[in-house]
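One structure is given here, and the rest of the page talks about it.
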Protein chains: 2
Amino acid sequence: MNKNQAFPWDHPRFRSWIGVGRACQLMQQAMGRAIADLGIKPPHLDILINLYRFDGISQQDLARKLLVGRSNMSMLLPQLEKRGLIERRADAKDKRVLRLSLTGTGRSLTEEAMAIQTGLIDRTLSQAPAERCLAVAEAMEDIIRILQTMESDEPDDSLLAKTR
Amino acid sequence: MNKNQAFPWDHPRFRSWIGVGRACQLMQQAMGRAIADLGIKPPHLDILINLYRFDGISQQDLARKLLVGRSNMSMLLPQLEKRGLIERRADAKDKRVLRLSLTGTGRSLTEEAMAIQTGLIDRTLSQAPAERCLAVAEAMEDIIRILQTMESDEPDDSLLAKTR
DNA sequence: ACTTTATTGTTCAATATTGAACATTTTTCT
DNA sequence: AGAAAAATGTTCAATATTGAACAATAAAGT
């Protein structure tokens with residue numbers, strides 16, 4: 001139990017990652033408070049921003065981008081549709097898919113929200129010199145790549161003894 | 001709308017932070033799969049690790065460390081207690097507080113889970129040179145400090161015009 | 001002393017999130 | 001062409017998470 005360090009929290013990488021988790025959680029909460037006046041929550045904002053950026057995206061693709069299940073979209077999108085922020089139109093070629101887009105109202109609201117979001121991020125990362133900021137970005141890209149690879153490889157743990 | 005860069009996603013800090021969010025979400029999901037065999041989920045693991053580290057902590061303090069509400073603890077802890085992983089004993093001096101500790105079973109399970117967790121973090125951050133890893137840790141500490149400061153300052157927006 | 005305020009934990013209703021099962025439609029295979 | 005497999009979105013039950021209201025206890029103010 002004490003190969004190199006006795007406890008996980010004495011392990012540099014572990015400590016570093018715990019920090020990432022905490023920062024994320026705090027930012028999420030701060031963001032929630034920051035956009036509460038607009039009547040939306042972080043999950044809605046994520047959706048709106050992606051619709052702003054990728055007009056006509058399908059629910060499936062949106063779910064993939066947000067790393068959530070399809071059912072989540074099926075629950076949230078009708079809410080936003082009823083509030084007149086988004087539209088869902090059937091795709092002409094593939095009758096299974098619904099293409100999503102922002103309404104005028106939705107677009108305005110999204111722009112407001114993005115301004116708030118960017119402002120909060122700016123204020124929060126203001127201390128970080130560009131160099132450190134870049135290091136963070138690169139580290140996260142590596143992590144994302146590795147985790148996505150693991151995700152694609154693992155599922156077949158039924159066959160083959162694998163590396164373990 | 002196009003002061004320096006037209007869209008948030010062209011903004012370096014914004015991109016960098018989005019990466020942090022995605023990495024966190026992916027790690028959380030991977031962690032969930034990794035410890036699923038032990039019959040626990042990430043929220044339970046967070047609790048167990050904190051009990052491992054801070055024996056006798058109160059529910060309130062635990063909630064604060066985890067950045068969640070007290071009610072969340074009131075919901076989760078009885079589950080872990082029923083499974084025989086933790087114990088809750090009334091404090092002798094202050095009859096309001098419940099002191100939490102791991103049972104033998106809970107301690108063993110926590111050690112198993114921590115090994116898995118540390119392994120996953122190690123594998124995921126293996127690409128990151130120590131230098132970059134350190135930069136991430138420092139950046140996160142700054143962010144955490146700033147967000148916690150903001151949190152303490154903002155609540156009094158009822159009185160005083162403040163900076164705005 | 002004793003009244004007020006604060007703290008701790010619980011309960012409850014509201015909302016979020018997930019995975020499995022399902023119907024519909026498309027793609028692939030033969 | 002026709003059967004099997006895959007993809008898309010929905011529904012549903014189970015579980016998580018939150019904030020507000022609450023009861024019990026402690027601390028502070030008078």
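None of these values were measured; they are calculated from a predicted model. Order of the sequence lines sets the chain letters (A, B, ...), proteins ahead of strands, with each chain counted from 1.
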Exercise. Indicate, yes or no, whether a donor-acceptor pair under 3.5 Å links the base of D/dA24 to the side chain of B/Arg96.
Key: no

Exercise. Please list, chain by chain and in numerical order, all residues satisfying salt bridge (Lys or Arg N to Asp or Glu O under 4.0 Å) with B/Arg70, sequence neighbours excluded.
Key: none

Quiz item: Is the number of heavy atoms from other residues, nucleotides or ligands within 6.0 Å of CZ (A/Arg15) greater than 12?
Solution: no

Quiz item: How long is the span from the CD1 atom in B/Ile57 to the OG atom in B/Ser101, to the nearest 0.5 Å?
Solution: 11.5 Å

Quiz item: Between atom CG in A/Leu76 and atom P in D/dT11, what is the gap in whole Å?
Solution: 14 Å

Self-check item: Interatomic distance where CZ belongs to B/Arg89 and P belongs to C/dT8 [whole Å]
Solution: 18 Å

Quiz item: Under 4.0 Å: is that the gap between some side-chain N or O of A/Arg88 and OP1 or OP2 of D/dT10?
Solution: yes

Exercise. For A/Asn72 and C/dT15, give me the distance from atom CG to atom P, rounded to whole Å.
Key: 15 Å

Quiz item: Out of C/dG9, C/dA20, D/dT25, which nucleotide sits closest to the side chain of A/Ser71?
Solution: C/dA20

Exercise. Please tell me if the side chains of A/Lys41 and A/Met31 come closer than 4.5 Å, counting only heavy atoms from C-beta onward.
Key: no

Quiz item: What integer distance in Å separates A/Arg99:CZ from D/dG9:P?
Solution: 8 Å

Exercise. Give a yes/no on whether any side-chain N or O of A/Gln59 is located under 4.0 angstrom from OP1 or OP2 of D/dT10.
Key: yes

Quiz item: Rounded to the Å, how far apart are A/Gln25 CD and D/dA16 P?
Solution: 16 Å

Exercise. For B/Met73, report the nucleic acid contact type (base, sugar-phosphate, nothing); a contact means any heavy atom under 4.0 Å.
Key: nothing

Exercise. Give me the bend of the helix from C/dA1-D/dT30 to C/dT30-D/dA1, using the axes of the five pairs at each end, rounded to 10°.
Key: 30°

Exercise. Side chain of A/Val68 only, please: which of C/dA16, C/dT18, D/dT8 is the nearest?
Key: C/dT18

Self-check item: For atom CD of B/Gln60 and atom P of C/dA6, their distance in whole Å
Solution: 15 Å

Quiz prompt | Any donor-acceptor N/O pair under 3.5 Å between C/dT8 base and B/Arg70 side chain | solution = no

Quiz item: Does B/Ser74 get its side chain close enough to the base of C/dG9, under 3.5 Å, for a donor-acceptor pair?
Solution: no

Exercise. Mark yes when over 12 heavy atoms from residues, nucleotides or ligands other than B/Arg107 sit less than 6.0 Å from its CZ; otherwise mark no.
Key: yes

Quiz item: Which residue lies toward the 5' end of DNA chain C, B/Ser58 or A/Asp94, if each is placed at its nearest nucleotide?
Solution: B/Ser58

Quiz item: Taking OP1 and OP2 of C/dA16, is either one under 4.0 Å from a side-chain nitrogen or oxygen of A/Gln79?
Solution: yes

Quiz item: Toward the 5' end of DNA chain D, which comes first, B/Lys41 or A/Gln29, by nearest nucleotide?
Solution: B/Lys41

Determine all donor-acceptor pairs shorter than 3.5 Å in which one atom belongs to a side chain in residues 18-30 of chain B; sequence neighbours excluded.
from, atom 1, to, atom 2, distance (Å)
B/Arg22, NH1, A/Lys65, O, 2.7
B/Gln25, NE2, A/Leu66, O, 2.9
B/Gln29, NE2, A/Leu67, O, 2.9

Practice problem: Identify which one of B/Asp94, B/Asp91, B/Asp55 satisfies the side-chain hydrogen bond (donor to acceptor under 3.5 Å, both in side chains) criterion when paired with B/Arg99. | Solution: B/Asp91

Quiz item: B/Met75 CE to C/dC12 C1': how many Å, rounded?
Solution: 8 Å

Practice problem: Treating Ile, Leu, Val, Met, Phe, Trp and Tyr as nodes and any side-chain heavy-atom pair under 4.5 angstrom as an edge, say whether A/Ile49 and A/Leu125 lie in one connected cluster. | Solution: yes

Quiz item: Rounded to the Å, how far apart are B/Leu98 CG and D/dA26 P?
Solution: 13 Å

